[in-house]
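A quick write-up on the structure given underneath.
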Amino acid sequence: MSTCKPVNLLPKAPEMNIVSKIKPLIVETLTDLYGQAFTEGELTISTTKPEFEGDYTLVLFSFVKQLKKSPEQLGQEIGTSLVQRHPELFSAYNVIKGFLNLTITDAYWLSVLQEQYNNPSFGKKAPNGKKVMVEYSSPNTNKPLHLGHLRNIFLGWSIARIHQEAGYDTIKSCIVNDRGIHICKSMIAWQLFADGATPASTGLKGDHFVGDYYVKFNDEYKRQVEVLIQGGMKKEEAEKEAPVMKATQQMLLEWEAGKPDVMELWAKMNGWVYAGFDATYTRIGADFQKMYYESNTYLLGKQFVEDGLKTGVFYKKEDGSVWINLTEDGLDEKLVLRKDGTSVYITQDMGLAEQKYEEFSYDQSIYVIADEQNYHMKVLKLILQKLGKPYAAGIHHLSYGMVELPSGRMKSREGTVVDADDIVEEMANVAKAKTEELGKVKDFSEDELKGLYDTIALGALKFFLLRVDPKKKMIFNPEESIDFHGFTGPFIQFIHARIKSILRKEKPSETAYTGDLLKLEKELIVTLEQYPNVIEQACAEHNPSLLAIFIFGVAKLYSSFYTEHHVLTAETEAKKQLRLKLSEMTAHVIASAMGLLGIRVPERM
RNA sequence: GGUCCGGUAGCUCAGUUGAAUAGAGCAACUGCCUUCUAAGCAGUAGGUCAUUGGUUUGAAUCCAAUCCGGAUCACCA
């Protein structure tokens, strides 16, 4: 950094966000002026609306009653005092109705720019020594991933990445549901219909190959049930008696008994599925540090039942089944062990939580699971709390809404599931067509082009799924492919590429700028300065959409700036340097924020 | 029926720790490529914030009731 300028006139490098900086100053001013104690929490400070003069606004209404003065008078007094006491921070103020609009000095904003313009990690926090586990994806191994999984995966990956940026040590994990009746259905169908076919012999991706047999099972099952009903059987009975269903149940028993040929087929078919999943994960950029398999964990948790019975948290019914009564907590009674002594879903989850804690001693454990499991996760946390588990408090359910079609929920039986691989490929094709049409990267090699198409396709898809508040369900219309204009990933990628195109021609010099700031120049810095806060908030609220919304605002602002003011042919050399710095800082923040969403940004597009 | 979540522009969504004239994108309409990438910019139009009542200096936001949609309350996972 340059040190040969009159630094003493400038505020120190902004480790702290401007809002947290001015809050104590306002508190101090209030106390001095009126002799009453206020806390920072009592202040309402927001960015000043564009139609008014100023950067940040203090709402005065709340003080009127306590101080028995009109808002106008309060505003004048506080404003005068702040500008007098801290001329290095406040250059002007105005009072409109009950709002005190404060203008921060250009010098302050320029110091922010000067300190951070070449910092690609602006907003990154120092390690806080805390460990967070994020469990996401968690697929079944009987069919390929679909659009709903993608929302889960992008959310999980992003929330882990955001925590990492906020200073946490993160471990991404996945619990694979690799056992159970649904797997056996694919296995039975393969035995019946495959005639030895494999993914290799058919050229199909393993997860799709196995998924096809799951569909074949259901078709056959439906056919057999129909035949039995026509033979005079009742529907419920037919559903139980259909030969393929009986064979499947038999197979599940054999699996649990460890029958060698069943285990072998199971391992083989799961292997195909994993190969398929891995290909998808690699393409979309998902990764895990720890895989858990239900075939290993489904017996866990039984020791909890013993403990719970001893401490009276659980109780046993006459038939031998074990329950917990949660009615005092507003929930129902919940079974934790079947009468035959086998564990249920929630028992396994207790066991897995314990195992994760033993292995990683996490401070926080985030489960990315659809909102249909809100009740289950509430119960899980509550039970663990009642059992006095130290890790119970750190359990957080990142609940997200379903991705629905305009016609309603996706249903695999009706063939309305949007396949993950298909949608990625489709987006890549759109990206290709669009790129070729624009013809801006004709000199790219085959590989570079392919990389660019995936970057844009995944940018569009990830941004589309992450820009919405996770807890809200969202509508996806397959008729219209995901847009590349407006509030989208590709728009932001485009702005980044544009900036890079300038920076390839010239890089900013280190000398600090000391002149005036035009409206858009200042607005850009004011906005960029908020980035560390946005990371913090996205982390605290487990909500990547805050980053998506923020970074779109940045990109839009830069786009206006870019159209209105020239960088390389600026009015003066000093202005050019200023704008080069603005451009570089914007590019860094875009790359960083998009990175937290799992989206790459191209140098050219 | 109990619990939870949602209802904001034609569509998809922000805004929901109360604050100024409720914001974006898409779609529609008007302009702008001989100057750093037009996947862009500038602008026009589009609203009974589901309804009713309440609290407040101030309500899309808080409270109550009602209507609509969804999830869940399995010895399935």
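Quick caveat: nothing in here was measured; it's all calculated off a predicted structure. By convention in this document, chain letters (A, B, ...) are assigned in the order of the sequence lines, proteins followed by strands, and residues within each chain are numbered from 1.
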Touch class at under 4.0 angstrom, heavy-atom based, for A:Arg604 against every strand present: base
Contact under 4.0 Å: A:Arg504 side-chain N or O vs B:rC36 OP1/OP2: no
Sugar-phosphate, base or nothing in reach of A:His496, heavy atoms under 4.0 Å: nothing
Under 4.0 angstrom between A:Ser560 side-chain N/O and B:rA42 OP1 or OP2: yes
Within 6.0 Å of NZ in A:Lys432, more than 12 heavy atoms from elsewhere: no
Proximal nucleotide (of B:rA77, B:rA14, B:rC26) relative to the A:Asp483 side chain: B:rC26
B:rA39 OP1/OP2 closer than 4.0 Å to side-chain N/O of A:Lys434: no
Within 6.0 Å of CD in A:Glu306, more than 12 heavy atoms from elsewhere: no
Sugar-phosphate, base or nothing in reach of A:Thr488, heavy atoms under 4.0 Å: nothing
Touch class at under 4.0 angstrom, heavy-atom based, for A:Ser46 against every strand present: nothing
Atom pair distance, as rounded to whole Å: CG in A:Leu67 and P in B:rU57: 16 Å
Whole-angstrom distance between B:rA27 and B:rA9, as gauged at atom C1': 12 Å
Distance, P atom - from B:rA14 to B:rU8, rounded to whole angstrom: 11 Å
Touch class at under 4.0 angstrom, heavy-atom based, for A:Leu438 against every strand present: base
Ring-on-base stacking B:rG40 with A:Phe494 (under 5.5 Å, under 30°): no
Sugar-phosphate, base or nothing in reach of A:Tyr562, heavy atoms under 4.0 Å: base
Sugar-phosphate, base or nothing in reach of A:Asn101, heavy atoms under 4.0 Å: base
OP1 or OP2 of B:rG40 under 4.0 Å from side-chain N/O of A:His485: yes
Under 4.0 Å protein heavy-atom contact, by nucleotide of nucleotides 1-8 of chain B - B base, S sugar-phosphate only: ----SSS-
Residue A:Met474, side-chain heavy atoms: nucleotide from B:rC75, B:rA77, B:rC13 that is nearest: B:rC13
Touch class at under 4.0 angstrom, heavy-atom based, for A:His566 against every strand present: base
Between A:Phe561 and A:Tyr558, ring centroids under 6.0 Å: yes
Residue-phosphate contact under 4.0 Å: A:Arg467 side-chain N/O, B:rU12 OP1/OP2: no
Sugar-phosphate, base or nothing in reach of A:Thr569, heavy atoms under 4.0 Å: nothing
Face-to-face contact A:Phe99 to B:rA19 six-ring, under 5.5 Å, under 30°: no
Donor-acceptor pair (no angle test) under 3.5 Å: A:Ser545 side chain, B:rA14 base: no
A:Phe61 side-chain proximity, nearest of B:rC36, B:rU57, B:rG69: B:rU57
Touch class at under 4.0 angstrom, heavy-atom based, for A:Glu294 against every strand present: sugar-phosphate
Closest listed nucleotide, where the reference is the side chain of A:Asp469 and the choices are B:rC75, B:rA14, B:rG40: B:rA14
Sugar-phosphate only, base, or nothing, as touched by A:Glu333 at under 4.0 Å among non-hydrogen atoms: nothing
Under the 3.5 Å Watson-Crick or G-U criterion, the dot-bracket string of RNA chain B, with | for inter-strand pairs: ((((((((.[[[[.)...(...]]]].(((((.......))))).....[[[[[..)....]]]]])))))))....
Nucleotide nearest A:Ile475 (side chain, heavy atoms from C-beta), chosen from B:rA77, B:rA20, B:rC13: B:rC13
Sugar-phosphate only, base, or nothing, as touched by A:Ile499 at under 4.0 Å among non-hydrogen atoms: nothing
Out of B:rC36, B:rA20, B:rU72, whichever nucleotide has its closest atom nearest the side chain of A:Glu372: B:rU72
Nucleotide N/O to protein N/O under 3.5 Å, stretch nucleotides 63-65 of chain B:
none

A:Ser501 vs B:rU37: side-chain N/O to OP1/OP2 distance below 4.0 Å: yes
Touch class at under 4.0 angstrom, heavy-atom based, for A:Asp319 against every strand present: base
A:Tyr345 side-chain proximity, nearest of B:rA20, B:rA14, B:rA77: B:rA77
Sugar-phosphate, base or nothing in reach of A:Val468, heavy atoms under 4.0 Å: sugar-phosphate
